[in-house]
2 protein chains.
Amino acid sequence: MEYTVQELSRLAGVSTRTLRYYDEIGVLKPARINSSGYRIYGEAEVDKLQQILFYGELDVELRTIKKIMSSDNFDSIAALREHREKLLAERKRLDKLIATIDKTIQSKEGRIIMSDREKFEGFKRELIEENERKYGKEAREKYGDQAVDRSNEKLLNMTPEDYARFEKLSSELMETLKEAFKTGDPAGELAQKAADLHRQWLSFFWDSYTREAHAGLAQMYVDDERFTEYYDKEQPGLAKFLRDAIHIYTGMKK
Amino acid sequence: MEYTVQELSRLAGVSTRTLRYYDEIGVLKPARINSSGYRIYGEAEVDKLQQILFYGELDVELRTIKKIMSSDNFDSIAALREHREKLLAERKRLDKLIATIDKTIQSKEGRIIMSDREKFEGFKRELIEENERKYGKEAREKYGDQAVDRSNEKLLNMTPEDYARFEKLSSELMETLKEAFKTGDPAGELAQKAADLHRQWLSFFWDSYTREAHAGLAQMYVDDERFTEYYDKEQPGLAKFLRDAIHIYTGMKK
DNA sequence: TGTTGACATTGACGTTACGTAAAGGTGTAT
DNA sequence: ATACACCTTTACGTAACGTCAATGTCAACA
């Protein structure tokens with residue numbers, strides 16, 4: 001199959017300017033030039049362009065790509081295998097970025113505390129492994145070993161539907177809680193419904209549920225002002241109210 | 001917590017030049033300038049930089065980022081949620097690219113046939129959905145419905161260990177086959193071992209194995225020159241020999 | 001106290017991978 | 001014959017920094 005610039009550009013999803021530039025710098029020359037001076041590309045050029053784009057996807061400079069691919073011992077299959085590995089690593093990096101987003105949202109809502117370092121987890125491409133070691137230690141000291149680890153993993157592996165359910169549950173919890181607060185009774189029906197919603201909400205993060213842990217977390221909402229703020233900014237006294245409701249719900253009141 | 005340019009640059013993994021540039025174009029101004037003219041960044045700037053980097057990860061131009069973030073109804077949490085969605089989409093794109101690599105390797109080895117369009121599957125960011133529809137149809141017509149689909153999915157979900165096993169099996173198959181060829185007997189022990197290895201190799205792609213399908217594929221190795229070439233370039237006559245061995249192995253001889 | 005060395009500052013020019021005209025030739029379809 | 005969608009080269013524009021250069025700041029050490 002032969003292609004003109006435009007045809008190849010459409011096939012590969014690049015501009016014709018790009019193809020002319022690639023010709024100019026010599027990274028991808030057309031198979032031949034026809035009688036009118038048009039560039040004509042063949043099968044080999046299609047494959048070469050694909051390789052170039054793979055390299056580009058990994059942010060390799062064109063100059064370097066040219067050097068690599070014009071080397072006479074260039075092994076295209078070995079290169080593809082390398083691309084595969086790199087892309088898998090890039091995918092892992094994206095997972096980290098998504099985990100960072102999840103944590104940041106939780107943090108902005110006052111549900112968890114986040115160090116400045118954690119906020120940039122996943123951005124640095126080269127230093128990922130080093131950070132892995134450092135951060136792994138820091139996090140484990142702060143939150144306890146698997147807690148955060150597992151919870152991030154859970155969020156990450158959620159289907160979009162699950163995630164939507166999770167978000168819906170979050171707002172439902174807040175709404176119910178505010179309604180319950182108006183009644184002033186943490187033992188009342190609404191407050192107990194809120195406590196139950198909170199338990200469901202937790203199940204998105206926690207592997208196993210115990211009433212003790214639930215009650216403990218509720219107490220933390222009152223003790224740590226960064227958590228208190230999240231609930232109290234909606235309605236002063238809400239954190240305390242939620243703690244009371246949960247303590248009753250879990251049967252841990254006194 | 002307060003940071004100087006260098007401190008923030010180390011934290012976020014960007015250069016100090018970048019921070020000065022961001023100041024210059026006004027996308028990220030320091031919290032204050034100290035008495036010596038040094039830039040000092042605070043907590044709010046840390047968070048803002050994080051957001052900027054998230055936008056950058058999605059290839060949003062700094063000019064646009066500035067416009068978006070300086071808007072007075074900018075909702076940082078909503079933005080984070082959007083980043084999350086976009087990054088998930090990007091992850092899917094990477095999956096496609098990896099699938100494209102897998103297919104390309106198979107194709108270069110002559111094991112499957114690949115259209116030029118398929119070679120660029122995953123590169124075009126915007127047109128992914130459109131391609132999805134077009135390609136989905138094209139592929140299904142060519143190879144039959146789930147065959148390729150499922151096989152790519154299988155390769156994609158392989159652990160690195162599985163993938164290594166797969167690669168090892170591939171070369172083991174070729175070695176055994178070449179040894180067997182020397183004996184000249186497709187019913188012999190070595191040839192039958194090769195046929196068995198080929199069955200194992202297939203199991204990496206196929207959901208269910210039938211002797212009929214196995215024998216059919218073997219015949220195709222002889223009938224379609226693009227497959228023949230893969231085996232015959234190692235040793236002329238190898239494709240035919242493998243077919244004979246598999247036909248005996250599957251009991252489909254004659 | 002003087003000097004070293006790691007930090008900071010503002011210019012200012014360079015670079016990569018194209019985008020975007022401008023000015024003009026080519027091919028075929030009506 | 002002319003329209004129209006192609007193609008060509010030339011050339012200047014651009015985004016997001018990298019990379020000097022020249023100079024000021026500050027804590028520490030001989």
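Lettering follows sequence order; numbering is per chain, from 1. Values in this document were obtained by computation on a predicted structure and should not be read as measured data.
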Discussion item. Assuming nearest nucleotide by heavy-atom distance, tell me which of A:T16 and A:E24 is located more 5' along DNA chain D.
Written reply: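 Nearest-nucleotide comparison on DNA chain D picks A:T16.
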In whole angstrom, what separates [X]'s [atom1] from [N]'s [atom2]?
X     : N      : atom1 : atom2 : answer
A:D59 : D:dA16 : CG    : P     : 15 Å
B:L19 : C:dT9  : CG    : C1'   : 14 Å
A:L28 : C:dC18 : CG    : C1'   : 15 Å
B:I33 : C:dT9  : CD1   : P     : 8 Å
A:E7  : D:dC7  : CD    : P     : 7 Å
B:I52 : D:dA15 : CD1   : P     : 17 Å
A:R17 : C:dA22 : CZ    : P     : 16 Å
B:L53 : D:dC17 : CG    : P     : 9 Å

Item to complete: Could you walk me through whether A:E45 and A:K48 pass salt bridge (charged side-chain N to carboxylate O under 4.0 Å, His left out), step by step?
Response: CA-CA 5 Å; A:E45 286 71 35; A:K48 200 166 175 189; over 6 Å; no
Going by modelled atom types, is there a donor-acceptor pair between the base of [N] and the side chain of [X] at under 3.5 Å?
X     : N      : result
B:Y21 : D:dG18 : no
A:R63 : C:dT16 : no
A:R20 : D:dT8  : no

Item to complete: Tell me what B:I25 touches on the nucleic acid: a base, only sugar-phosphate, or nothing, going by heavy atoms under 4.0 Å.
Response: nothing
Worksheet entry | Pair A:E61-A:T64, side-chain donor/acceptor within less than 3.5 Å |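 No.
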Worksheet item: Is a side-chain donor-acceptor pair under 3.5 Å present for B:E57 with B:H83?
Response: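 No, no side-chain donor-acceptor pair sits under 3.5 Å.
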Return the nearest nucleotide to the side chain of [X]; candidates are [options].
X     : options                : answer
B:S36 : C:dC18, D:dC26, D:dA16 : D:dC26
A:T4  : D:dC12, D:dC7, D:dC17  : D:dC7
A:V5  : D:dA15, D:dC17, D:dC7  : D:dC7

Item to complete: Compute the angle between the rotation axes at the two ends of the helix from C:dG2-D:dC29 to C:dT30-D:dA1, each taken over five pairs, rounded to 10 degrees.
Response: 0°
Item to complete: Determine, stepwise, if the pair B:F120 / A:L53 fulfils side chain to side chain contact (heavy atoms under 4.5 Å, CB included).
Response: CA-CA 9 Å; B:F120 297 97; A:L53 293 183; 3.8 Å; yes
Worksheet item: Under 4.0 Å between a Lys/Arg side-chain N and an Asp/Glu carboxylate O for A:E24 and A:K29?
Response: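 No salt bridge links A:E24 with A:K29.
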Fill in: Carboxylate-amine/guanidinium proximity below 4.0 Å for B:D116 and B:K119
yes
Under 4.0 angstrom between [X] side-chain N/O and [N] OP1 or OP2:
X     : N      : answer
B:Q6  : C:dA6  : no
B:Y38 : D:dC26 : no
B:R39 : C:dT9  : yes
B:S15 : D:dG18 : yes

Practice prompt. Would you indicate whether the side-chain heavy atoms of A:I113 and A:S107 approach each other to under 4.5 Å?
Written response: no
Worksheet item: When you measure from the side chain of A:T100 to the backbone N and O of A:K96, does any donor-acceptor pair fall under 3.5 Å?
Response: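 Yes.
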Worksheet item: Mapping A:N34 and A:Y22 to their closest nucleotides on DNA chain C, which lands nearer the 5' end?
Response: A:Y22
